[in-house]
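Start at 1 and go down the list; that is how both ligands and their atoms are numbered. What you see is a predicted model; the values in this text were computed from it and never measured.
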Amino acid sequence: MARNVYIFDTTLRDGEQAPGCSMNLQEKLEVARRLEKLRVDVIEAGFPASSPGDLESVKAIAGIVKDSAVAGLCRSLEKDIDAAREALAPAAQPRVHIFLATSPIHMEYKLKMTPDQVLERAVSSVKYARKFCSDIEFSAEDAFRSDPGFVCRVFGAVIDAGASTVNFPDTVGYAMPEEFGSRIRYIREHTPGMDKARLSVHCHNDLGLAVANSLAAIRNGADQAECTINGLGERAGNASLEEIVMSLRVRKDLFDADTRIDTAQIYAISRLVSQVTGVKVQPNKAIVGENAFAHEAGIHQHGVLANRATYEIMTPESIGIPKNRMVLGKHSGRHAFEDRLKELGLQAEGQALEQIFAQFKDLADKKKVVSDRDIEALVMGAAAVVPETWKLDHWAVNTGSALGASGTIRLQHKDGQTKKLVTLGDGPVHAIFQAINHIIGKDPELELYEIGAITGDASAQGETMVKIGWEGRHWNGRGISTDIIESSIKAYLAAINALEWELSAPGTVRQKTAEGGV
Ligand code: KIV
Ligand code: ZN
C-alpha cells in the first residue's frame, strides 16, 4: 500500500504573510473551513505572538476546526510559546510550531548566537512547549544553507526533548531537486532518533523549484510537505499544495506515496483564496489555472474528443471542475440551483443561501445564461463578507469625451443616516471614489484597481478587485455587477467596510510586529 504523506498547509501563515495577501477574520475562517474539507492534515493558522489580531484569528480557527490539526507558529521564545498556548487552547488537535535558524549567516547576523546557544535554545523551547502540548514541530530555519551535521545534531536533540515533527526548510529557495533529495536522505539517515518523529520539508519558490524540491524530498523519505494553496507565500511563494498533491496522485506508480486530500475540493479553494487575497491565479498555472484543461489547438481538440487521455493526464473533475451540466437561467428553480452548488463543491445554508438564490434570480433576469463562474462569484462574495458600515443606496455618473466626469453617490451608514455627495473627477470611477472618501471622512490610498470579466460573453459580469492602504495597513475588496462602475463601487465599499470593521473590532486588527530574531 502507498505510504501516506502528511499535508501541512500554511496558506493562512506563510501565505498570508506575503505582501498584499492579508485576509480578515471572516475570510480566514472561511479558508480554514475549506482546508478542513480538503482534508489537509495540519492547518497553520497564524503566528499568534505577531499581533493581537493574529492571536485572535488562530484562536477562532482553533475553535471551529476538528478534523485537521491546527498549528500556531512561534519563535524560540517563551512569550511566543505562551501566545501559541493561549491561541490553541480551543483546538481539538493543537500543534505548536517552533522555529529557530541554524545556518551560519542567520546565526551570526540575525540571531547573534553561537551554534551551541542555538542548540540549547531549541531544546529548551521544545521542552517548554511540551509541558502543555504533545504535538510539537521544530523547524530549523534556513536548514538547506546550514551545515547538515549541525542540523542532524539539532534535530536529534529536539526529538529527544519531545518534538514529534522536525521540519527542514529551504527558506530562501536555493536548492536544486537532486541535492535537496539527497540532503533529506542524509538527514533521515544521520539524525539520532529520527524513527520517533516525522521529517517534514518546507520549500520556497525563488528559483521556481519549490514543488520539484518537495517531491524530491518525498522520494527520499520526507513524511510531510508544507505548502500553500495557489503557491501563495513570501517573495516567489511556497510550494503549491495542488501541484504536490496531484503529482503524488497522478504518479502514484513512481512515488508509491499518497495523501488523504479530497482532490475534488481543490478548484473551489483555489478560487476562494484568489478572491479573498485579491491575488489572481496565472492562466497557465498548473492544475488550477484557467487554461490548465483548455485545449485550443485543433489537433489537440481532435485527440481529446476521441479519447481524453490523449492530452489529459488527469480529469478536470478530479480537482472539482464539473462536467457539462444543464444551463442555468431565469427559469431554473431552487432545486437545480442547489444541485449546481453541490456539484461545484460550494456550500451555503439558511440566510446565506436565501440571499445567494435571490442574487442568482436577479442576475438571471439580466443575463440569459448564468455560468458556473457567476455562481461561484456569488457564493464567494457571500462567504467572506464583513459587516456593512456603509451600504450603497444609489449612484449615478456623468461622463463623456468633451466633459470631465462627475459622480453622485448616496450611502447609508449602519446607524440609519444617509449621506449624498456629488464630486468631479478625472473619470467616473475617480469621481465616485472621491465622493465616497468625503462621505466616510478618510482618504485611503488606492493601491490596486483591477477590472476583469467573470465570463467571456458580451453580457458578462464585471469583477473588480481593489486594494486600499491606510496608516500602514491594507484591505482588499471585491465587487461584481453587470455594470463595471457598480462593480467598482461595490469593491471599493467592501474594502472600506473591512477597514471600518477592523478599526472598530480590535480582535481583528492585523498590526504585525516585525519578524525576525529569536
Ligand atoms: O521559510 C521558513 O523557513 C519558514 C519557517 C518559519 C518554517 O517559514
Ligand atoms: Zn516559509
### Ring centers of Phe168, Phe180 separated by less than 6.0 Å
yes
### Task
Check whether the ring centres of Phe8 and His202 lie less than 6.0 Å apart, and answer yes or no.
no
### Query
Heavy-atom distance to atom 7 (C) of ligand 1: which of Cys203, Ala140, Gly173, Ser139 wins?
Ser139
### Message
Any salt bridge linking Lys110 with Glu141? Criterion: basic side-chain nitrogen under 4.0 Å from a carboxylate oxygen.
### Response
yes
### Polar proximity ligand 1 side, Asp14 side, N/O cut 3.5 Å exclusive
yes
Please identify which atoms of ligand 1 are closer than 4.0 Å to at least one heavy atom of [X].
X	value
Pro169	3 (O)
Thr171	1 (O), 2 (C), 3 (O)
Glu141	3 (O)

#### Entry: Modelled atom types, side-chain donor and acceptor of Thr228 and Thr11, under 3.5 Å
no
#### Entry: Ring-face cation of Lys467 near Trp475 (centre distance under 6.0 Å, axis angle within 45°)
no
### Query
Does Arg198 count as lying over the ring of Tyr6, i.e. NZ or CZ under 6.0 Å from the six-ring centre, within 45 degrees of the axis?
yes
### Query
Strictly under 2.8 Å, is any N, O or S atom of Asp14 next to the Zn ion (ligand 2)?
yes
### Task
Pick one of side chain, backbone, both or neither for how His204 approaches ligand 1, counting any non-hydrogen atom pair under 4.0 Å.
side chain
## Note on the structure
Within the 4.0 Å heavy-atom cut-off, what Arg13 brings close to ligand 1 is side chain
### Task
Considering just N/O/S atoms, say which atom of His202 is closest to the Zn ion (ligand 2).
NE2
### Message
Among all the protein's non-hydrogen atoms, which is closest to atom 4 (C) of ligand 1, and how far away is it?
### Response
His202 NE2, 3.4 Å
### Query
Hey, mind stepping through Glu226 and Ser200 against side chain to side chain donor-acceptor pair (under 3.5 Å) and telling me if it holds?
CA-CA 7 Å; Glu226 302 198 350; Ser200 168; 3.3 Å; yes
